[in-house]
Number of protein chains: 6
Amino acid sequence: MALVVRNIARADGAVVHALEGYGVATVHEAQGRKGLLASYMRPIYRPCSIAGSAVTCEVAPGDNWMIHVAVEQCKAGDVLVVAPTSPCEDGYFGDLLATSLKARGVRGLVIDAGVRDVATLTEMAFPVWSKAIYAQGTVKETLGNVNLPLVCAGAVIYPGDVIVADDDGICVVRRAEAAAVADAAKQRVANEGCKRARFEAGELGLDIYGMREKLAAKGLKYLDEAP
Amino acid sequence: MALVVRNIARADGAVVHALEGYGVATVHEAQGRKGLLASYMRPIYRPCSIAGSAVTCEVAPGDNWMIHVAVEQCKAGDVLVVAPTSPCEDGYFGDLLATSLKARGVRGLVIDAGVRDVATLTEMAFPVWSKAIYAQGTVKETLGNVNLPLVCAGAVIYPGDVIVADDDGICVVRRAEAAAVADAAKQRVANEGCKRARFEAGELGLDIYGMREKLAAKGLKYLDEAP
Amino acid sequence: MALVVRNIARADGAVVHALEGYGVATVHEAQGRKGLLASYMRPIYRPCSIAGSAVTCEVAPGDNWMIHVAVEQCKAGDVLVVAPTSPCEDGYFGDLLATSLKARGVRGLVIDAGVRDVATLTEMAFPVWSKAIYAQGTVKETLGNVNLPLVCAGAVIYPGDVIVADDDGICVVRRAEAAAVADAAKQRVANEGCKRARFEAGELGLDIYGMREKLAAKGLKYLDEAP
Amino acid sequence: MALVVRNIARADGAVVHALEGYGVATVHEAQGRKGLLASYMRPIYRPCSIAGSAVTCEVAPGDNWMIHVAVEQCKAGDVLVVAPTSPCEDGYFGDLLATSLKARGVRGLVIDAGVRDVATLTEMAFPVWSKAIYAQGTVKETLGNVNLPLVCAGAVIYPGDVIVADDDGICVVRRAEAAAVADAAKQRVANEGCKRARFEAGELGLDIYGMREKLAAKGLKYLDEAP
Amino acid sequence: MALVVRNIARADGAVVHALEGYGVATVHEAQGRKGLLASYMRPIYRPCSIAGSAVTCEVAPGDNWMIHVAVEQCKAGDVLVVAPTSPCEDGYFGDLLATSLKARGVRGLVIDAGVRDVATLTEMAFPVWSKAIYAQGTVKETLGNVNLPLVCAGAVIYPGDVIVADDDGICVVRRAEAAAVADAAKQRVANEGCKRARFEAGELGLDIYGMREKLAAKGLKYLDEAP
Amino acid sequence: MALVVRNIARADGAVVHALEGYGVATVHEAQGRKGLLASYMRPIYRPCSIAGSAVTCEVAPGDNWMIHVAVEQCKAGDVLVVAPTSPCEDGYFGDLLATSLKARGVRGLVIDAGVRDVATLTEMAFPVWSKAIYAQGTVKETLGNVNLPLVCAGAVIYPGDVIVADDDGICVVRRAEAAAVADAAKQRVANEGCKRARFEAGELGLDIYGMREKLAAKGLKYLDEAP
């Protein structure tokens, strides 16, 4: 049996917007170095940067039927997250589906599989993070679930989680933690701003972070010449 | 023994031109979802889009001698298709060979191996789809065949087949089927144009394609809340 | 025990500058087809082209502590070369470390691991060649060596070696051989310039390189039609 | 902060034993084709077949400290499940840790990373499923969680879930579903036994499963000779 | 439209039997170093060695329906060759299908995808060469062709071609060339037998093959000590 | 120009023999966690375990000519180490070359490429560690160096270094360090023997290594129930 859940809780729009501004690397650090999807997930064009609420969609290998079902569940500000039930690089998604998502105000697509029509998607400025670019077509025969939790590129994603995606990759933030993560990210960014100025002025991380003593204690030795 | 076939039949220029306009994803669908080369074949720059008649060239691993032989067999409008006899990522091809092909009016290169001088190739606007970018040089010691059928990136290619390549990858169309595929692609594009307008207007694929009944028959259930 | 070597011999600046101009493919050929790093090392943006003296830095998997140590050993014109002691794709390096290196006049980074903040690095025009782009954070717990020889992406690199990197990848030139390699590259480029003009004029490599006789001797046969 | 959860609910021993007997392929089918870990997870020797309750252990890349912590939480009949916070192939586990686990009655190890001492582990008949065999040593510097849910080789695993592993790979069964899955597997095996006898007698799947009509309806055509 | 071709020409049984005896490496050399399938195709157990006539079967990703159709077309002495229309590692084949093939006298399976039940297949001594071992189940929804030519693991295979498979991998021999290849292999084996005796007696390849002069002519230099 | 160095210093036979007994994991630890070749290097059969002095051989991609040259430089107790100048999986080595090496008393082969005839090599009990098993033949056209240092599977190897190889992989020990490493390994093994007895008796690594205090200091918390 396959299920579609119609109503999911979404994160607060202001929090999502803030997380988009901080970016993937900062958000991932701010929540304790967790939530990243696998490094093989790459944007089809750069630069691009989005955040939104996850609508999740499970698909069969080589079968994009459920994406059509998932589109109807997407609202403005969402990010569609698609994962196949076994590894597949087929081109599940192209410009027509992107047109449909864009018409609904969807921010972008994260898919642990392939996409196609990437020249058009780039022109449309519809951002996609995918495992592959591959024109291979798909069938419409097998059901899957929409808006149930799934694993996408190694990360667990619940419907309504915040997806943050940029040139560095993709990070998922649990909906209930989103506000706290945004706060932590804000502090981190402020802190980094100070440090950036000091680095620009030529100060060293060794001194900014006070590392010299700990390095010596661990046994680091300096030689004037090669041994 | 190694062979070079001098005269090959090429597809009609108007048909080739039409296929170029339709692009890889559409052409591949129009001919029944066949003919794609492997997804690891990527263009060295984007966007780019070509079509042309295949001149095929078999090379030994780490040996680009036969590419020089193949160049002579290329005419304006051709696409040179190179495949090694065993997997290799060496840089078989660079700016001098590209200059030579460009002087002959060749449209581009498809090579299941590596290329180099990609900054210059990009400046020259000479499009290449390859398995790798790698500066590794090659020798000139071992013969291979030119204009015999070969397997390139998982697809069988006959000399004179039409090669269509763009940002989505590469598709081969048999010469004898090229006109029919172009016709089918034309219809498909027209059909997609209509659909695009409906998607832009907010209609759903579920309705445009009449999927709701079939989904229900397969057993898809909608829940208002997560189970 | 971990060591940091403070003083390393660097190559002559004019030689380094010359090598940068010749580029990776030419330099690699000029020194006898050796010195390339693995083809999976890719620039985070294109086009970019640098050369500089290597400062080498060994890191533990998931631990970027030693990069902070290495920064202090870098001078204007250097290229920082980082390799983990076992394979790792974590994001060892981001915009703060790039700011620090840039403040010291470092030309770029070569890292057999991951980097992050690539949108900012691209804006800063700080070139990086890496194995991956991945936001995954690292810890600061384990020591490694700075300015001892290491293997990075399959190539041995000694501190002070010249690193040449561009869109084709990365090549290392031994410091003691740098001047001779630059001379050989100069001749090669001059020679290629002549050939380029002949290729542009439509001459074939078969004739320019005098290959026809050798091909025939090896047994190459020409057929007018497919066998 | 890192946490160790001391008390976890485990599945009923008889159910675990039954699942072990059915094997991975059958269990995975019986629960609706879900729960498989990635296909790159391979046993270090064959044949081997186990089932047990999962004790989960998160480790840092190149750091096996938490495995020592996890061992203490393991009881007879458990399977230790280890996943790094970012991809790593280091040899986290060898014969001493195996001796320790074996002394506690642990059934085996599932690790999304590397192991070593595999000759000794094989002699000991201590089964391990891993991503790699690699002698690379690890450090003991960074904390992680024990007995919190994690993603291992693409599958979510909760402490106390049933891990079934054999030559085909690994499948996870939720503790609450284990009894029902065992029942479904029992029926499936009974059903397969009947079918096996029919296949051995030369009957075809086309007839056993009544496929001919559906194939014809979909459009399958039989030709006497190649077209 | 999908097609099943009922009658295919098969190679002479004595020739097939001879090719089986010579093995993959010898057969591949004897036919001019062609016909190998990709090196990722591995036997599920070793040692094993077979040859037989190819029955070809194209399947959709994640869909093993057509294998049931192909079984009916198999005769004693055949090898079933299965390739998906796009890359897939699902477990298309298990012990029931093996039982069915074995009942028909089929020699083994070559599949550019995954298989499961490998412990049972090993006990049954039913040899399989595959891309993966993976328990992932498949559906039965999409048609494909049986006994049309296809590309399997990078090699073109025509129905009725001879498949030779052993611990070194898989080689395809065109039916029309099989007798000549068997003759060439016979000579090669005789020749190797003589050489083996000379190697065992301590003679060097340098002398047996008369290489010393050619090496010197190419410029090989011997030094008594490291330079 | 290509060079063959005739005379190389080899390690003391007793030291080599001792290192063989300790095995790869122990030797690698005893020399400070360095010297491992990449984890993709696997033995063609298991179990097997050797040590010997390295004779190094550089080959061109798809060209095994220099292996014949290297054989003559091998003595009893050596291990032949072969690396291609660019990545290649061809079958450089088969049973005839193994017969030749065995006749000279060579202990085994380490090759960062492919081998073939593995069924025969297994029967002969001639151990090989390789990147691939692949029947693909090679040519004899291009020179390379014998007994110069090279990089094999990511590790630098000097002629005369000690190669230790077993089921866990391969480790290189510098000749000048071999005696000291053997001593360190001896102590390590003695130490492990004591620990093994304690582990067998049920003691925990947490107590044997005194980890509890350090874990608490780092912040590890124990909970009785899941949070």
Side-chain angles (χ1 to χ4, degrees), chain D residues 23-43 46-49 164-171 188 191-212 214-227, chain E residues 1-9 44-45 62 64-74 89-91 94-105 114-123 131-149 158-160:
Chain D
V24 168
T26 295
V27 167
H28 149 264
E29 291 282 351
Q31 70 176 342
R33 291 185 181 163
K34 66 181 188 187
L36 289 177
L37 277 67
S39 66
Y40 61 69
M41 298 291 289
R42 299 302 308 145
R46 283 172 48 193
C48 60
S49 172
V164 186
D166 64 18
D167 294 11
D168 286 344
I170 308 150
C171 189
R188 193 175 170 89
N191 186 21
E192 287 200 345
C194 298
K195 282 178 190 149
R196 183 170 296 107
R198 295 175 68 183
F199 279 120
E200 279 170 354
E203 272 193 84
L204 290 168
L206 291 177
D207 299 312
I208 293 173
Y209 301 110
M211 293 170 170
R212 293 188 191 274
K214 197 178 164 204
L215 286 162
K218 283 262 187 175
L220 189 66
K221 301 293 176 207
Y222 286 78
L223 304 179
D224 280 344
E225 304 298 335
Chain E
M1 192 179 61
L3 298 175
V4 181
V5 176
R6 280 199 182 101
N7 298 304
I8 60 171
I44 60 166
Y45 62 84
N64 78 343
W65 206 12
M66 293 308 294
I67 297 182
H68 287 277
V69 175
V71 168
E72 189 178 28
Q73 306 309 318
C74 291
E89 298 201 348
D90 287 356
D95 63 343
L96 288 186
L97 279 164
T99 301
S100 187
L101 287 178
K102 204 168 181 181
R104 299 179 80 77
V115 292
R116 60 188 192 179
D117 301 330
V118 294
T120 307
L121 297 177
T122 302
E123 278 170 33
K131 184 183 185 179
I133 295 173
Y134 195 27
Q136 178 69 42
T138 51
V139 298
K140 292 174 184 26
E141 295 283 1
T142 302
L143 300 184
N145 299 308
V146 172
N147 276 337
L148 291 191
Y158 293 89

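Each chain gets a letter, A, B and so on, in the order its sequence line appears, and its residues count up from 1.
No side-chain heavy atom of D:Asp167 sits less than 4.5 Å from a side-chain heavy atom of E:Ile133. Residues D:Met211 and E:Val69 have side chains not in contact (no heavy-atom distance under 4.5 Å, counting atoms from C-beta outward). Side chains of D:Pro227 and E:Val5 form a contact here, defined as non-hydrogen atoms less than 4.5 Å apart.
Distance check: D:Leu220 CG to E:Asn145 CG gives 8.5 Å after rounding to the nearest 0.5 Å. Put simply, CZ on E:Arg116 and CG on D:Asp166 are 11.0 Å apart, with the number rounded to the nearest 0.5 Å.
If you measure heavy-atom distances from E:Leu96 to chain D, the contacts under 4.5 Å come from both the backbone and the side chain. In this structure, the portion of E:Asp95 lying under 4.5 Å from any heavy atom of chain D is its side chain and not its backbone. Of the atoms belonging to D:Arg196, heavy atoms from both backbone and side chain fall under 4.5 Å from chain E. Residue contact with chain E, scored on non-hydrogen atoms closer than 4.5 Å, is absent for D:Ile170. With a 4.5 Å cut-off on non-hydrogen atoms, D:Arg42 touches chain E through its side chain but not through its backbone. Using a 4.5 Å cut-off between heavy atoms, E:Thr120 makes no contact with chain D at all. Of the two parts of E:Leu101, neither the backbone nor the side chain holds a non-hydrogen atom closer than 4.5 Å to a non-hydrogen atom of chain D. Interface residue E:Lys140: backbone and side-chain heavy atoms are both found under 4.5 Å from chain D. Both the backbone and the side chain of E:Gln136 come within contact range of chain D, each with at least one heavy atom under 4.5 Å from a heavy atom of that chain. For a residue to count as touching a neighbouring chain, one of its non-hydrogen atoms must lie under 4.5 Å from one of that chain's; by this rule D:Glu29 touches chain E with the side chain only. For D:Ala38, the part sitting under 4.5 Å from any heavy atom of chain E is the backbone (N, CA, C, O) and nothing else. Proximity to chain D involves both the backbone and the side chain of E:Asn7, based on heavy atoms less than 4.5 angstrom apart.
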Audit row: E:Thr99, D:Glu192, side-chain contact (heavy atoms from CB on, under 4.5 Å) steps and yes/no: CA-CA 11 Å; E:Thr99 301; D:Glu192 287 200 345; over 6 Å; no
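Formation of a donor-acceptor pair under 3.5 Å by the D:Asp168 side chain with backbone atoms of E:Asp117 is found in this model. Counting only distance, with no hydrogens or angles, the side chain of E:Arg104 and the backbone of D:Gly202 share no donor-acceptor pair below 3.5 Å.
For the options D:Lys195, D:Arg198, D:Glu203, D:Arg46, heavy-atom pairs under 4.5 Å to chain E are most numerous at D:Arg46. Note on E:Ala103, E:Gly114, E:Ser100: by heavy-atom pairs under 4.5 Å with chain D, the leading option is E:Ser100. Contact tally against chain D (heavy-atom pairs below 4.5 Å) for E:Leu143, E:Leu97, E:Ile44, E:Ile8: the top residue is E:Leu143.
Across every non-hydrogen atom of D:Ala25 and E:Ala135, the tightest pair is CA-CB, 4.0 Å. Between E:Glu89 and D:Ser39 the shortest heavy-atom distance is OE1-OG, 2.7 Å.
For the side-chain hydrogen bond (donor to acceptor under 3.5 Å, both in side chains) condition, the pairs that include at least one residue of residues 214-223 of chain D, sequence neighbours left out, are A:Glu141-D:Lys218.
With sequence neighbours left out, the ring-ring contact (aromatic ring centres under 6.0 Å, His included) criterion links D:Tyr209 to E:His68.
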